[in-house]
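Some notes on the structure that comes next.
Counting convention: from 1, in listed order, for ligands and their atoms alike. In this text the structure is predicted, and so the values were computed from the model without any measurement.
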Amino acid sequence: MMLPMKPVPTDQQRALIERLMNACGGGYSPGTRRKYYITGPQWAAAYQGQALFHAPTRQPIGFEDVIREYDKIGIGHWCTHDTDVIPTESLGKDEQANIVERIKNALKEHGLECSMVTTDTFFHAVWAASPAAEAPEVRKYAAWRLGNTVKIGHELGAKFAVYWPGSLGYYTQGAVEETETLRWYADGLNAACEADIELAKKYNRPTLKHCLEAKPFEPQAEILLPTSDAMLAFIGSGLLKHPEMVGLNPEYLHELMWGGAPRAALARALLAGKLFHFDINDGYRLKHDVDIAIGLVNPLDWLNVLVLLRSHKYNGPFNLDYKPPRTTSNHGVFAVSFPTAVDRFITLWEMAGEVISDPIIREATDALKAGGGPADPLDVEAITAANRELLTLHELIAHRMVQILVGQHRGRTHSV
Ligand code: GCO
Ligand code: MN
Ligand code: MN
């Protein structure tokens with residue numbers, strides 16, 4: 001019988017984590033990790049584990065520490081909400097300029113770039129009725145906040161601005177009229193784009209890419225733009241003055257949350273030319289926004305997603321928008337959580353390359369596209385019969401994808 005392990009004294013626990021991380025192997029060097037357009041959010045690293053039913057489990061951490069740790073890991077890009085780094089009451093004041101200067105210095109010291117900025121329009125009480133509230137002063141303040149974030153973005157060298165309208169909805173129906181609220185929301189985006197056009201001239205930079213991010217529920221009960229597809233329709237609705245400046249930032253889990261197939265949602269965004277930015281994480285279908293790190297729940301689906309993006313040459317950011325679990329310590333966030341998330345992404349990306357060049361999948365796909373060549377092209381029975389055996393290839397391709405996922409295509413066997 002095996003003896004139970006002795007308690008691990010607290011001063012030996014980090015060494016144990018380090019030894020087991022090394023034993024896992026398969027990690028990439030910081031230099032390799034930096035070659036990918038992987039972006040690390042301030043808020044993900046600084047998340048303390050709190051939620052409605054959960055007290056924080058980690059200590060607060062500021063942007064200087066986050067940027068330094070991202071550098072060590074090899075995460076070359078950083079992004080932030082305005083209020084992750086600037087207290088709400090200091091926005092637009094001298095303190096904002098001082099903080100932006102400190103951020104610039106930290107980024108420079110560690111060789112990171114700011115990829116994206118986003119306005120927090122959900123946390124503060126002012127957003128209780130959303131940034132597109134009935135009261136004109138709320139909407140005016142929202143327009144100012146969005147423009148101010150665009151300005152911060154230009155100052156930090158960002159290329160993208162993200163908008164997550166999580167508070168654009170309601171708990172009880174009837175008080176707001178949806179078409180009016182959506183028009184007001186469009187006014188906010190129009191203000192941000194117009195401010196961007198002016199600021200881009202002033203800073204002699206291209207305008208930002210403005211990306212809408214959908215989530216089907218949370219924090220409101222009903223959301224007015226709940227899916228990426230709803231947002232595509234909104235972009236094309238005629239309400240936006242600069243629809244060409246606006247695209248999508250889909251989030252993997254947010255598509256699963258409504259029961260959709262993330263890969264199909266991404267395909268629709270690609271077809272519309274609107275896949276600007278991508279939040280990568282994982283979780284469960286038809287459940288709440290657990291924001292688990294990429295590949296820990298659905299590695300096969302993730303492999304499929306990356307096959308699609310690689311084969312369409314998607315070259316935008318992969319943003320690590322997940323929440324390190326409450327059980328991970330402050331130390332563990334940078335010792336385990338971020339490096340393993342990045343490494344699973346790179347491994348899956350490499351595997352996607354293997355899928356694309358796999359001779360078996362290629363031949364099977366080509367054969368399906370060639371079809372069986374029926375003698376009579378108008379004979380329904382002949383057309384069906386001509387493809388009957390070929391269609392078995394669908395399942396064979398799925399099997400091959402799993403083989404690639406578990407390494408069997410490289411000769412890994414499980415025989416006794
Ligand atoms: C979520 C959302 C947010 C947004 C962020 C950027 O999961 O709650 O995705 O993390 O991505 O607010 O605007
Ligand atoms: Mn999420
Ligand atoms: Mn997100």
Atoms in ligand 1 with a heavy atom of [X] nearer than 4.0 Å:
{"X": "Thr118", "value": "6 (C), 13 (O)"}
{"X": "His254", "value": "1 (C), 2 (C), 7 (O), 9 (O)"}
{"X": "Asp289", "value": "1 (C), 7 (O), 8 (O)"}
{"X": "Lys215", "value": "1 (C), 7 (O), 8 (O)"}
{"X": "Asp291", "value": "7 (O)"}

Metal-centred angle, NE2 of His254 through the Mn ion (ligand 2) to OD1 of Asp289, rounded to 10 degrees: 90°

Angular separation of Glu251 OE2 and Asp291 OD1 about the Mn ion (ligand 2), given to 10°: 90°

Any N, O or S atom of Asp321 closer than 2.8 Å to the Mn ion (ligand 3): yes

Atom of Asp279 closest to the Mn ion (ligand 3), considering N, O or S atoms: OD2

The Mn ion (ligand 3) - closest N/O/S atom in Glu213: OE2

Identity and separation of the nearest protein heavy atom to atom 3 (C) of ligand 1: Asp321 OD2, 3.6 Å

Atom 2 (C) of ligand 1: nearest protein contact (heavy atom, Å): Glu213 OE2, 3.4 Å

Hey, are [X] and [Y] close enough for a salt bridge, meaning a charged N less than 4.0 Å from a carboxylate O?
{"X": "Asp71", "Y": "Arg68", "value": "no"}
{"X": "Lys151", "Y": "Glu155", "value": "yes"}
{"X": "Lys201", "Y": "Glu198", "value": "yes"}
{"X": "Arg410", "Y": "Glu354", "value": "yes"}
{"X": "Arg102", "Y": "Glu64", "value": "yes"}
{"X": "Arg400", "Y": "Asp358", "value": "yes"}

Which segment of Asp279 sits under 4.0 Å of ligand 1 when only heavy atoms are counted: side chain

Per-residue contact class, Glu218 against ligand 1 - non-hydrogen pairs under 4.0 Å: neither

Ring geometry between Trp349 and Tyr36 (parallel below 30°, tilted from 30 to 60°, perpendicular above 60°): perpendicular

Parallel, tilted or perpendicular: rings of Phe345 and Phe318 (30°, 60°): tilted

Within the structure, does [X] bring an N/O atom to less than 3.5 angstrom of an N/O atom in ligand 1?
{"X": "Lys323", "value": "no"}
{"X": "His81", "value": "yes"}
{"X": "Asn249", "value": "no"}

Side-chain heavy atoms of Asn148 within contact of Leu91, under 4.5 Å: yes

Ring centroid separation His81 to Phe122 under 6.0 Å: yes

Evaluation steps, ring pair (Phe, Tyr, Trp, His ring centres under 6.0 Å), between Phe160 and His77: CA-CA 12 Å; Phe160 300 88; His77 300 82; 9.7 Å; no

Tyr163 touching ligand 1 at heavy-atom level, < 4.0 angstrom: no

